[in-house]
Asker: 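Quick one: the structure is below, questions incoming.
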Amino acid sequence: LVLARLPEGTPWLLLAHEACTLLEDPAAREVFQGLEARGIPVQVSRESLRWTGLSAPGLEAVEDGPWQAELAGGRLLIL
């Protein structure tokens, strides 16, 4: 996954919408663990988890309002 090559200093990674399906991929889960070991927090949208019916053990689930406000303000990059 290209996510494994996120540069140092990346403030955080948030999984939302269809990206939550990566939670079902063991290789992706390893990448997320590696990112967290490098100090890059991996979070997941609480609403997206509800929508997909998936769970994210070990990852922080966050409310959508704050990250959507960052997106609307142009302070968030979506990959």
Side-chain angles (χ1 to χ4, degrees):
L1 286 171
V2 72
L3 296 174
R5 297 190 304 267
L6 287 177
E8 295 297 324
T10 299
W12 49 276
L13 172 68
L14 175 85
L15 302 175
H17 306 293
E18 289 85 11
C20 288
T21 60
L22 289 171
L23 296 168
E24 298 176 304
D25 180 346
R29 297 286 303 194
E30 285 184 30
V31 168
F32 301 149
Q33 290 173 347
L35 290 172
E36 292 203 322
R38 290 176 38 211
I40 301 172
V42 180
Q43 302 171 333
V44 63
S45 157
R46 191 178 314 277
E47 284 301 314
S48 294
L49 284 177
R50 280 187 218 142
W51 177 71
T52 62
L54 296 171
S55 64
L59 298 179
E60 180 184 2
V62 297
E63 297 299 329
D64 284 3
W67 72 263
Q68 288 177 347
E70 293 293 311
L71 178 64
R75 295 174 300 274
L76 181 68
L77 175 65
I78 293 187
L79 303 174

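Values below: every heavy atom of this structure, side chains too, minus hydrogens, waters and symmetry copies.
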Asker: Evaluate the side-chain proximity of Glu24 to Thr21: yes if any heavy-atom separation is below 4.5 Å, no if none is.
Answerer: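 Yes. Closest side-chain heavy atoms under 4.5 Å.
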
Asker: Would you name the heavy atoms of Trp67 and Val62 that are closest together and state the gap between them?
Answerer: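 Smallest heavy-atom distance, with atoms named: CD1-CG2, 4.4 Å.
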
Asker: Locate the shortest heavy-atom distance separating His17 from Ser48; write the atom from each residue and the value.
Answerer: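 Heavy atoms only, the tightest pair is N-OG, 2.7 Å.
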
Asker: Would you mind telling me which of Leu23, Leu14, Thr52, Leu54 makes a side-chain contact (heavy atoms from CB on, under 4.5 Å) with Val44?
Answerer: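 Result for side-chain contact (heavy atoms from CB on, under 4.5 Å) with Val44: Leu23.
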
Asker: Is any side-chain heavy atom of Glu36 closer than 4.5 Å to a side-chain heavy atom of Leu59?
Answerer: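 Glu36 vs Leu59: side chains touch.
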
Asker: What are the two closest non-hydrogen atoms of Asp64 and Glu47, and how far apart are they?
Answerer: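 Of all heavy-atom pairs spanning Asp64 and Glu47, the closest is OD2-CB, 3.1 Å.
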
Asker: Rounded to the nearest 0.5 Å, what's the gap from CZ on Arg50 to SG on Cys20? Could you check?
Answerer: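 It is 12.0 Å, given to the nearest 0.5 Å.
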
Asker: Might you confirm whether atom CZ of Arg75 has over 12 heavy atoms from other residues, nucleotides or ligands at distances under 6.0 Å?
Answerer: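 Yes, the 6.0 Å shell around CZ holds more than 12 heavy atoms from other groups.
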
Asker: Looking only at non-hydrogen atoms, find the nearest pair between Trp51 and Glu18 and report the distance.
Answerer: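 Scanning both residues, the minimum pair turns out to be CH2-OE2, 3.7 Å.
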
Asker: Do the non-hydrogen side-chain atoms of Gln68 and Ser45 ever get within less than 4.5 Å of each other?
Answerer: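 Gln68 vs Ser45: side chains apart.
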
Asker: Could you report the tightest heavy-atom contact between Trp12 and Leu76, atom names first, then the distance?
Answerer: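 Trp12 and Leu76 have their closest heavy atoms at CH2-CD1, 3.7 Å.
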
Asker: Locate the shortest heavy-atom distance separating Leu3 from Phe32; write the atom from each residue and the value.
Answerer: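 Distance-wise, the nearest heavy atoms are CD1-CE2, 4.0 Å.
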
